[in-house]
Amino acid sequence: MAVSIKSEREIGLMRDAGKILAEVHARLGEFVRPGISTWEVDQFGERLIRSYHCVPNFLHYNGYPASICVSVNDEVVHGIPHRNHMLREGDIVSLDAGLIYKGYHSDAARTHAVGKISADAQRLINVTRQSFFEGIRMARAGNHLNDICKTIDRYLTFNGYGIVRDLVGHGIGKKLHEDPEIPNFAMRRRGVRLRPGMTLAVEPMVNMGGWQVEWLEDDWTVVTADGSLSAHYENTILITNGEPEILTLLQ
């Protein structure tokens, strides 16, 4: 496993890529509302990304046909936007988006309420988001990767949710997916030692029911096996000599 350590120049470019993506996500969150299609969300997101002179890194990645992964309710990740898939009051929608800025990638995901949602759905969104912040408390130089993984696992298990095991986070930089893989559950090994200059995409994917998932016939859309709701929260982070730096959050 070759985990890349970014130079100061590379870190600067990744900071810029992350800041732009944070702004894109903020605008996407404002755009989401009942009555629009998932295709409209994708088109709006692609225009935003290109308006910053960036390239949507998901578009055509391994054949994926859109710029924004739009996953509704029981869709965990990689939902394909469609003109006829309308967002409705009470839905939850996960938006996973990334971009390339001057050769460097950023990647982040958010789950949004569509209008008024149930208390259970809101709790799922809140706990999923908080699990990320619980995990990155351990994202410090000298710790091991599994310190992040097992902390996310403990928090989500305590809250009674299913942790998706078939999909994981990843390193990121010149490529969208780099080493190491970052599970949201405790590994049987310590994993790599964290070092300053590592850039990681940490992304809990959490089901209200069981952890099991299935792929639809499009070979992209991942859904919960039991039909329960699912939420997703992700940021690109930088390991430093102190606190981890979140590159895809607005300050």
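Note that the coordinates shown come from a computational prediction; the quantities given were computed from them, not determined experimentally.
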Kindly determine whether Tyr161 and Arg123 satisfy side chain to side chain donor-acceptor pair (under 3.5 Å), including the steps that lead there. CA-CA 11 Å; Tyr161 291 126; Arg123 180 176 182 269; 2.7 Å; yes
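Note: the hydrophobic cluster containing Ile11 does not contain Ile237 (ILVMFWY, side chain heavy atoms under 4.5 Å, direct or indirect links). Val72 and Trp220 fall within the same hydrophobic cluster, defined by Ile, Leu, Val, Met, Phe, Trp and Tyr side-chain heavy atoms under 4.5 Å apart, directly or through other members.
Distance check, rounded to the nearest 0.5 Å: CD1 of Ile182 to CG of Asn146 gives 12.0 Å. Rounding to the nearest 0.5 angstrom, the gap separating the CG atom in Asp96 from the OG atom in Ser71 is 7.5 Å. Phe44 CZ to Leu28 CG: the interatomic distance, rounded to the nearest 0.5 Å, is 6.0 Å. Atoms CD1 and CD1, on Ile125 and Ile92 in that order, are 5.0 Å from each other to the nearest 0.5 Å.
In this structure, the side chain to side chain contact (heavy atoms under 4.5 Å, CB included) partners of Ala26, at least two apart in sequence or on a different chain, are Leu250. Every side chain to side chain contact (heavy atoms under 4.5 Å, CB included) that Asn57 has, sequence neighbours left out, goes to Ile100, His105, Leu176. Remark: Glu46 engages Arg50 in a salt bridge (Lys or Arg N to Asp or Glu O under 4.0 Å) (not counting sequence neighbours). Under the rule for a ring pair (Phe, Tyr, Trp, His ring centres under 6.0 Å), Trp211 has no partner lying at least two apart in sequence or in another chain. Contacts of His60 classified as side chain to side chain contact (heavy atoms under 4.5 Å, CB included), with partners at least two apart in sequence or in another chain: none. Remark: Ser230 engages Val76, Asn207, Thr224 in a side chain to side chain contact (heavy atoms under 4.5 Å, CB included) (not counting sequence neighbours).
In this structure, the side chain of Thr236 does not engage the main chain of Leu247 through any donor-acceptor pair within 3.5 Å. Listed for the Glu178 side chain is a donor-acceptor partner under 3.5 Å among the backbone atoms of Lys174. Although no hydrogens or angles enter the test, the distance criterion places a donor-acceptor pair under 3.5 Å between the side chain of Asp153 and the main chain of Ala186. Checked by atom type and distance alone, the side chain of Asn184 pairs as donor or acceptor with a backbone atom of Glu203 at under 3.5 Å. At distances below 3.5 Å, at least one donor-acceptor pair connects side-chain atoms of His25 with backbone N or O atoms of Ala108.
Ala66 and Asp42 get closest at one heavy-atom pair: CB-OD1, 3.5 Å.
For residues 73-89, no pair satisfies salt bridge (charged side-chain N to carboxylate O under 4.0 Å, His left out), with sequence neighbours left out. Screening residues 24-41 for salt bridge (charged side-chain N to carboxylate O under 4.0 Å, His left out) gives no qualifying pairs among residues at least two apart or on separate chains. The stretch residues 104-118 participates, sequence neighbours left out, in no salt bridge (charged side-chain N to carboxylate O under 4.0 Å, His left out) pair at all. The salt bridge (charged side-chain N to carboxylate O under 4.0 Å, His left out) contacts involving residues 230-241 comprise nothing, where partners must be two or more places apart or lie in separate chains.
Annotation: side chain of Leu249 is in contact with side chain of Asn235 (closest heavy-atom distance under 4.5 Å).
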Under 3.5 Å donor-acceptor pairs involving side-chain atoms of residues 188-200, not counting sequence neighbours:
residue : atom : partner : partner atom : Å
Arg190  : NH2  : His144  : ND1          : 3.2
Arg193  : NH1  : Gly142  : O            : 2.9
Thr199  : OG1  : Lys6    : NZ           : 2.7
Thr199  : OG1  : Ile172  : O            : 2.6

Under 3.5 Å, sequence neighbours excluded: what are the donor-acceptor pairs made by side chains of residues 134-141?
residue : atom : partner : partner atom : Å
Glu134  : OE1  : Arg137  : NH2          : 3.1
Glu134  : OE2  : Gln130  : NE2          : 3.0
Arg140  : NH2  : Glu243  : OE2          : 2.6

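Between Phe31 and His112, the distance from one ring center to the other does not fall under 6.0 angstrom.
The aromatic rings of Tyr233 and Phe133 sit tilted, their planes meeting at an angle between 30° and 60°.
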